Protein chains: 2
Amino acid sequence: MQIVTEQRRKDIHNSDVPAVCAACEARHGGVCGTLSPNQLLDLSRHSTRRRVEPGREVVGQGEISDSYANIISGVVKLSKVLADGRQQIVGLQFAPDFMGRPFTRESALTAEAAIDTDICSFPRNVIERLVAEAPGLEHRLHEQALKELDEARDWMLTLGRKTAQEKVASFLYIIATHIDPENGTATEFDLPLSRADIADYLGLTIETVSRQITKLRKDNVIRIESSRRVTVPSMDRLLHVAGID
Amino acid sequence: MQIVTEQRRKDIHNSDVPAVCAACEARHGGVCGTLSPNQLLDLSRHSTRRRVEPGREVVGQGEISDSYANIISGVVKLSKVLADGRQQIVGLQFAPDFMGRPFTRESALTAEAAIDTDICSFPRNVIERLVAEAPGLEHRLHEQALKELDEARDWMLTLGRKTAQEKVASFLYIIATHIDPENGTATEFDLPLSRADIADYLGLTIETVSRQITKLRKDNVIRIESSRRVTVPSMDRLLHVAGID
DNA sequence: GCACGCCTTTGATTTTGATCAAGTTGCCGA
DNA sequence: TCGGCAACTTGATCAAAATCAAAGGCGTGC
């Protein structure tokens with residue numbers, strides 16, 4: 001996330017960039033922050049905003065590379081499936097992340113909204129054109145890719161080597177830290193994923209996820225207000241149970 | 001991998017780039033291929049080559065971002081450990097990959113050679129300087145990051161959702177396709193990892209890996225010439241057992 | 001208000017892979 | 001050639017998580 005300077009705010013205000021895009025950039029900088037007002041205007045002409053409901057595909061398997069999108073609000077899950085239907089969520093993207101796979105087309109991922117999600121998407125060719133003009137944009141995309149790579153590798157450690165209990169605690173910690181990044185780590189939050197989704201994220205079954213959540217509750221690591229709402233009395237304790245020390 | 005043109009070969013030959021670097025670039029292009037002869041000369045002045053023996057750290061945990069390296073030959077494993085010693089290999093890099101985490105420093109990874117490995121490394125600041133001058137270099141690094149991200153996500157599906165049998169078969173397939181990329185998929189090859197490393201890559205124990213290899217042998221999916229040497233009579237059959245259909 | 005469906009929880013049982021425990025094999029150095 | 005050691009294999013047992021099965025909740029529409 002980048003700091004939007006006062007000068008830049010003015011420049012954008014004085015240009016023809018739609019107010020909605022100016023507001024989006026002010027809020028999270030993101031991919032737009034590396035563009036000049038003119039380029040931002042160009043991008044905004046080709047962008048489309050829409051709300052995606054839970055379970056709805058943002059882009060289909062194999063198509064994710066054809067568009068690029070800022071997540072305005074909400075959570076998107078990226079997943080892969082085996083031929084027999086076994087599924088694994090390989091990434092979660094939160095506002096204000098941006099999504100997409102510029103420059104490569106092979107990836108076979110499905111991206112779908114986990115909860116109500118607003119996205120602002122751009123066609124691939126526009127992004128590629130802007131990348132050629134604005135070197136800062138590619139740098140920004142590169143950083144995003146490295147961030148996702150770090151997250152993926154952390155998650156591989158969790159998938160490969162942690163117990164069910166540690167996995168569930170690790171998941172809760174990830175949600176707590178990502179759900180509202182502007183305000184830091186949350187101690188009370190709504191889970192953006194159903195038990196089935198959590199199971200697909202953790203490489204477990206629904207029943208095991210449920211039992212582990214119950215156990216964390218009985219051990220007073222978390223409180224459950226409703227099936228989706230969780231309170232964490234001590235983040236240190238959660239971290240400890242998650243095996244992150 | 002990029003094609004090194006005849007003209008470029010001449011340009012480099014006529015410059016002061018050391019023969020060893022010219023040969024390296026001719027062989028795999030890689031990060032060097034995006035640089036002008038002058039820049040390549042600059043880079044070669046700061047590069048150091050060395051052979052790393054199995055089990056030796058290429059860069060220590062937390063330091064990987066301080067240097068950047070081409071793998072000339074061999075295999076490097078990237079791993080993460082939990083406080084109690086449980087370990088997960090989160091990436092394997094083969095020649096002619098290049099390694100490193102430009103622009104971010106947080107990653108806590110250990111990189112060590114799995115077999116005898118020759119690397120050519122450059123200090124971080126030199127790479128960053130060249131990136132500022134040569135936009136093609138950042139593009140190349142970005143592509144590398146996206147490739148690693150794709151591989152990491154494929155592997156997450158394997159770690160989270162495949163059986164021990166499928167995991168081992170998937171591992172053998174990965175090795176077959178990466179061990180000698182110039183000649184395509186190998187049907188007979190040496191495993192670059194010990195059983196313990198394979199276990200750490202697959203999130204299994206040594207014993208389970210051994211049993212599954214024995215089972216693949218008994219099922220005639222593979223032949224075992226020695227504990228490290230494997231022959232795959234039918235790649236389709238291996239793929240099928242790996243759950244990649 | 002009630003019934004239906006979906007999500008979640010809980011319980012009983014089974015299975016997969018981990019753990020514990022010996023053996024082999026093969027390599028290196030004496 | 002022989003030990004010694006590390007890497008690997010095999011076997012017996014155990015435990016964690018999957019599977020199978022059955023109830024609860026909870027929201028929605030009638």
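Fair warning: this is a prediction, and the values are worked out from it, not measured in the lab. Letters A, B, ... are given to chains in the order of the sequence lines, protein chains preceding strands, and every chain is numbered from 1.
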Point to revise | Between P of C:dT8 and NZ of A:Lys215, the distance in whole Å | key: 21 Å
Practice item. Give the rounded distance in Å between these two atoms: CD1 of A:Ile198 and C1' of C:dT9. Key: 14 Å
Review point. Taking only side-chain nitrogens and oxygens of B:Thr208, does any of them come within less than 4.0 Å of OP1 or OP2 of C:dG17?
Key: no
Point to revise | Residue whose nearest DNA chain C nucleotide is more 5′ - A:Arg161 or A:Arg211 | key: A:Arg211
Review point. Of the candidate nucleotides D:dC8, C:dT8, D:dA17, which contains the atom at the shortest distance from the side chain of B:Ser210?
Key: D:dC8
Study note, to complete from the structure: Per atom distances to the A:Thr205 side chain, the nearest of C:dT9, D:dT19, C:dA18 is D:dT19
Practice item. Spell out, as yes or no, whether a donor-acceptor pair under 3.5 Å connects the side chain of A:Asp84 to the backbone of A:Arg86. Key: yes
Review point. Salt bridge between B:Arg49 and B:Asp118, side-chain N to carboxylate O under 4.0 Å?
Key: no
**Study point:** Of the listed nucleotides C:dA18, D:dA21, C:dA21, the one nearest the side chain of B:Glu207
**Key:** C:dA21
Exercise for review: Look at the side-chain N and O atoms of B:Thr214 and state whether any lies under 4.0 Å from the OP1 or OP2 oxygen of D:dT10.
Suggested key: yes
Check your understanding: Should A:Gln93 and A:Glu151 be marked as a side chain to side chain contact (heavy atoms under 4.5 Å, CB included) after you check the CA-CA gap, both sets of side-chain angles, and the distance that decides it?
Key -> CA-CA 11 Å; A:Gln93 314 227 254; A:Glu151 288 174 352; 5.9 Å; no
Point to revise | Shortest side-chain distance from B:Leu204, nucleotide among C:dA18, D:dA18, C:dT9 | key: C:dA18
**Study point:** Atom-to-atom span, CZ of A:Arg229 to C1' of C:dC7 - whole angstrom
**Key:** 19 Å
Exercise for review: Could you tell me the separation between the CD1 atom of A:Ile213 and the P atom of C:dT9, rounded to a whole number of Å?
Suggested key: 6 Å
Study note, to complete from the structure: Regarding the side chain of A:Arg217, the nearest nucleotide among D:dA18, C:dA18, C:dT10 is C:dT10
Point to revise | Close side-chain approach of B:Ser194 to B:Arg228, heavy-atom, < 4.5 Å | key: yes
